[in-house]
Engineer: 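Dumping the structure here so I can ask a few things about it.
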2 protein chains.
Amino acid sequence: MVRMSAQERRESVIRAATSEFARGGYYGTSTESIARRVGVSQPYLFRLFPNKKALFLAVAERCLEDTVRTFAEASEGLEGEEALRAMANAYTEVIAERPERLLMQMQMYVAVAAAEQQGDREFGETVRAGWMRLWETVHLPLGADVGETTTFLAYGMLINTLVAMGFPPAHRVWEGLYPEARIKGRLEK
Amino acid sequence: MVRMSAQERRESVIRAATSEFARGGYYGTSTESIARRVGVSQPYLFRLFPNKKALFLAVAERCLEDTVRTFAEASEGLEGEEALRAMANAYTEVIAERPERLLMQMQMYVAVAAAEQQGDREFGETVRAGWMRLWETVHLPLGADVGETTTFLAYGMLINTLVAMGFPPAHRVWEGLYPEARIKGRLEK
DNA sequence: GAAGTTAGTGATTGAGCACTAACTTACTTC
DNA sequence: GAAGTAAGTTAGTGCTCAATCACTAACTTC
């Protein structure tokens, strides 16, 4: 038995829960499965988080935060075309190495409607605020161009979708999406 | 008590289930709630569909079919810029009048990962096949241009996401997305 | 080394849910 | 109008799962 501080444990729970929620979504994931992945008893999760919803929220916030940081770090000191290229490359890395983060994003977006329906307005607020932060984070380096920003985020959402559906990266549907192709396409215009 | 033929009943079950699954996803939706919406007893659903999964699959297939038809009908007889404009307008109508179809799309994409994890390869195949059909349906009228097709679908996925998150249509984040703005942006280039 | 605190467990509960079985009610056909 | 069939219901079962409770084991501090 490895003892950790509650704070460290909470961290590993968030990591494990990200993977689990990414596949199963909020309702399709049992706290049991998360606990098993962490290597801790199921009731102990409720010492670390007040309830399942709070855990999901923590995971969602982390997911947004990580994505924002990815773009912020990639575009640091760059502008326009260069920033676009850097951010696109950064996202490509996430696709390859952290696909669960993309899936978790979708689970989060989709969970808003369910929460809202049940009178939980707060979750939606959090996610929308996160999206706005994400929006600003890519907007500035792209020269504060609304069209560019929208397009960039749109490609991101398409990528999330293809990953969720399980299209292998070599599949035809990815053709128009690889940064090279995308940026080359833009430069040719 | 209104009696219907099993076939008619199945239709109304699919409609009701679309709304319910759209909000709650597969796991967040009880067959009870679907039955209540249809106005029929919960066990009767299992006379109409072998199990919950089959019902979800039927809803997913219908959702893809409807989307494909929307684009096919909108672009009939048109090409290039005109087809793009027509399909964008058609989708705008769906946003306003059938938002549950967009949400259901996302639920479907996201459900693939969960199904795949549980060894259900079939569901993913169905969804991917549907996506390919959708892809071809917009690809041809857009002049068989891979870049155009990718961009069009990307905007669609972004729209789905914004709808899911519950951003009102007048919100800033929609700015770059209204067909007028989008097409004008393209024309200016 | 005793007292106090923090990390963690095992057993349990009550609710919700997919699905079944057995039965009833309404329409159709001859 | 009796027989057959298709539509629909009531009652119930077994399982899963979030959350609680009462407890133990390991560190910390003096």
Engineer: Under the rule for salt bridge (Lys or Arg N to Asp or Glu O under 4.0 Å), what residues qualify as partners of A:Asp145, not counting sequence neighbours?
Structural biologist: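 Expected list: none.
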Engineer: So if I take every side-chain heavy atom of B:Arg47 and compare against C:dC23, D:dA6, C:dT9, which nucleotide ends up nearest?
Structural biologist: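 Nearest to the side-chain atoms of B:Arg47, counting from C-beta on, is C:dC23.
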Engineer: Whole-Å distance between C:dG8 P and A:Arg36 CZ?
Structural biologist: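 For the pair A:Arg36 CZ and C:dG8 P, the rounded distance is 18 Å.
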Engineer: Is the distance from OP1 or OP2 of D:dA6 to the nearest side-chain N or O of B:Arg3 less than 4.0 Å?
Structural biologist: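 So the side chain of B:Arg3 is outside the cut-off, no N or O lying under 4.0 Å from OP1 or OP2 of D:dA6.
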Engineer: Check this for me: does any side-chain nitrogen of one of A:Arg101 and A:Glu65 sit under 4.0 Å from a carboxylate oxygen of the other?
Structural biologist: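 No salt bridge links A:Arg101 with A:Glu65.
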Engineer: What one-letter contact string describes nucleotides 13-19 of chain D from 5' to 3', where B marks a base within less than 4.0 Å of any protein heavy atom, S marks contact via sugar-phosphate atoms alone, and - marks no contact?
Structural biologist: ----SBB
Engineer: Send over the distance from A:Arg10 CZ to C:dA7 C1', rounded to a whole Å.
Structural biologist: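 The distance from CZ of A:Arg10 to C1' of C:dA7 comes to 11 Å, rounded to the nearest Å.
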Engineer: In terms of ring plane angle, is the pair A:Tyr26 and A:Phe21 parallel, tilted or perpendicular, where the classes change at 30° and 60°?
Structural biologist: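 Aromatic pair A:Tyr26/A:Phe21 classed parallel.
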Engineer: Could you state the atom-to-atom distance from CG of B:Leu48 to P of C:dT20 in whole Å?
Structural biologist: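 Distance, rounded to whole Å: 14 Å.
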Engineer: Tell me the interatomic distance from B:Phe56, atom CZ, to C:dC19, atom P, rounded to whole angstroms.
Structural biologist: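 Atom CZ in B:Phe56 sits about 14 Å away from atom P in C:dC19.
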Engineer: Test side chain to side chain donor-acceptor pair (under 3.5 Å) on A:Arg10 and A:Ser5 and set out the steps.
Structural biologist: CA-CA 9 Å; A:Arg10 249 184 286 267; A:Ser5 77; over 6 Å; no
Engineer: Please give, in whole Å, the distance from C:dG10 P to A:Leu45 CG?
Structural biologist: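 The distance from CG of A:Leu45 to P of C:dG10 comes to 14 Å, rounded to the nearest Å.
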Engineer: Check the distance between C:dT6's P and A:Tyr44's OH and give it to me in whole angstrom.
Structural biologist: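 So the OH-P distance, A:Tyr44 to C:dT6, works out to 11 Å.
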Engineer: Looking at A:Arg37 and A:Glu32, does any basic side-chain N land under 4.0 Å from a carboxylate oxygen?
Structural biologist: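 No, no charged N to carboxylate O under 4.0 Å.
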Engineer: Any donor-acceptor pair under 3.5 Å linking the side chain of B:Gln107 with the backbone of B:Ala22?
Structural biologist: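 Yes, the answer is positive, given that a donor and an acceptor are paired below the 3.5 Å cut-off.
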